2 protein chains.
Amino acid sequence: MQIHDHFVELIASGEWESGKLLESENELARKLAVSVGTVRKALDVLEAGHLVSRRQGRGTTVNDQSSDEFNIHFSNLRIGDGQRVTGTISSVDVEEAEADANEQRQLKLKKGDTVFRCVRVREYHGRRFMFERLAITKKLLPDLDEAQFSIARVVAIAAKRNGILLGTGTEKVCVNTADPEVSKALSIAPGTPLLRLDRVINMMDGMPLEWRVADCHLQEKYYMTDFV
Amino acid sequence: MQIHDHFVELIASGEWESGKLLESENELARKLAVSVGTVRKALDVLEAGHLVSRRQGRGTTVNDQSSDEFNIHFSNLRIGDGQRVTGTISSVDVEEAEADANEQRQLKLKKGDTVFRCVRVREYHGRRFMFERLAITKKLLPDLDEAQFSIARVVAIAAKRNGILLGTGTEKVCVNTADPEVSKALSIAPGTPLLRLDRVINMMDGMPLEWRVADCHLQEKYYMTDFV
DNA sequence: CCAGATTTGTTCGTATGTATC
DNA sequence: CGATACATACGAACAAATCTG
């Protein structure tokens, strides 16, 4: 884990930039004065966290956490044969505010901390299907401004700029019905049953960074999980 | 994987009975004429599949796949602080029939194969909350009869009797509204939005064994998944 | 198309750390 | 307190995939 954390630091600091082909396991082991097995295990953990990709005969490369391939693993929405989908953003509304009680609890903030609040609509193949409300800890992303929220994966991109690495997340799923605001945004009848996705994404140190509550009109899409 | 499969065979055949404390890694390695590292890796995979539990200083024990602790990992329904729940069965209706087209597809059956079809209602703290329809491949569980379906985990228990080990599973989640049958069974208004859980449980060789479609009136419960 | 070098994947055998009984 | 078991690490070797000239 010491070696792992060292590697995380190298990635977060930008010393290991995304796309870079790392030195071989043997070289890393020699430079860090540990066994290759130890380097291997650290890289295994990094790979499990989607931070690097490894291929026999080729080497180990650093993944870009602002890329779509990285971020799509935070979506359990799927289509057709099981491919994950996120859609694209079709409308945005941003404000900056003091965190309310819920935001303080979800993002582990103190009274008086500020958040970005963002309301967005996502569409897929030209059809609006998701109404999402985001709350993002502002102090961790000081260079983030309201103009940027129209692009997908803002948080991941801003996190990368600020040397923050995304880690785990949890999502609660339940059923909700369209209130007037949502029904208008998605052009569906009020009261339409929707899938509500309540998701928190944490940083690698375990602290939450983004809280999203999304109401989702599934249409041909479905939510899927695996049991192991 | 050869060692892993060998261990699976020992568990499925009953030679390693549940609750048994295994020989140490060193002994297993010596008897199988492989390195301890190889035994460790095989045991790691078994543990990931919930077939054994390991504790430093104590040893490795075989889990009982018919136990509640094993089966609860196929449920993503949670309550309060995040504890998984399955509830208890409050009503049952069973029939034996030739698999229809959907059942053939989901359970990878051939035309003419027979299934158990079972309609059950689950309750939690005295409140009925889930209406589930099961389809189970009959030929794999020849000793299963209709009288047994009133107990939870029938399939896991029958599978154990027949030397079958449960492996992975997938679950699709979407939104559904209560039709007359479900609304009557759960004592809720017709049209009430419900969470629909469409789940297939596979055996360790990857072949499906049970298909369940459940409509769920969540109440204070919620469905939760983790991102890694 | 092939030969050789490089890199990860897998296994081996041993040694030490640490939790449990 | 000692014996035992899993957890972690070490260093070496070979297999298999990949890349290069």
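Chain letters run A, B, ... following the sequence lines, proteins first and then strands; every chain starts at 1. Computed from a predicted structure; not experimentally measured.
The CG-C1' distance, from A:Leu21 to C:dT8, rounds to 11 Å in whole Å. We find that CD of A:Glu23 is positioned 10 Å from P of C:dT7, with the value rounded to whole Å. For the pair B:Leu22 CG and D:dT4 P, the interatomic distance rounds to 18 Å; values are reported in whole Å.
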Where do B:Glu103 and B:Asp113 land on the side chain to side chain contact (heavy atoms under 4.5 Å, CB included) test, with the steps shown first?
-> CA-CA 10 Å; B:Glu103 288 162 343; B:Asp113 286 337; over 6 Å; no
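Of all the residues in residues 25-54 of chain B, B:Glu25, B:Arg40, B:Arg54 reach under 4.0 Å from DNA chain D with at least one non-hydrogen atom.
When side chains are defined from C-beta on, A:Asp68 counts as touching A:Arg153, because their heavy atoms get closer than 4.5 Å. Side-chain contact between B:Met224 and A:Val173 is absent, with no heavy atoms from C-beta onward closer than 4.5 Å. Between A:Val213 and A:Glu132 the shortest side-chain heavy-atom distance does not fall below 4.5 Å.
Residues in residues 208-228 of chain A take part in these ring pair (Phe, Tyr, Trp, His ring centres under 6.0 Å) pairs, two or more places apart or across chains: A:Phe227-B:Phe74.
Applying the side-chain contact (heavy atoms from CB on, under 4.5 Å) test to B:Asn63 and every residue at least two apart in sequence or in another chain returns B:Ser53. Remark: B:Arg78 engages no residue in a salt bridge (Lys or Arg N to Asp or Glu O under 4.0 Å) (not counting sequence neighbours).
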Polar atoms only, N or O, under 3.5 Å: list the protein pairs with nucleotides 18-20 of chain C and their distances.
{"residue": "C:dT18", "atom": "O2", "partner": "B:Gln56", "partner atom": "OE1", "Å": "2.8"}

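Taking the six-membered ring where the residue is Trp, B:His50 and B:His73 present tilted rings, their angle falling between 30° and 60°.
The terminal axes of the helix from C:dC2-D:dG21 to C:dC21-D:dG2, fitted over 5 pairs per end, subtend an angle of 10° to the nearest 10°.
Taking only side-chain nitrogens and oxygens, A:Thr60 never comes nearer than 4.0 Å to OP1 or OP2 of C:dT7.
Comment: B:Lys20 does not engage B:Glu17 in a salt bridge, judged by the lack of any side-chain N to carboxylate O separation of less than 4.0 angstrom.
Nearest approach of B:Ala156 to B:Asn71, heavy atoms of both residues: CB-OD1, 3.2 Å.
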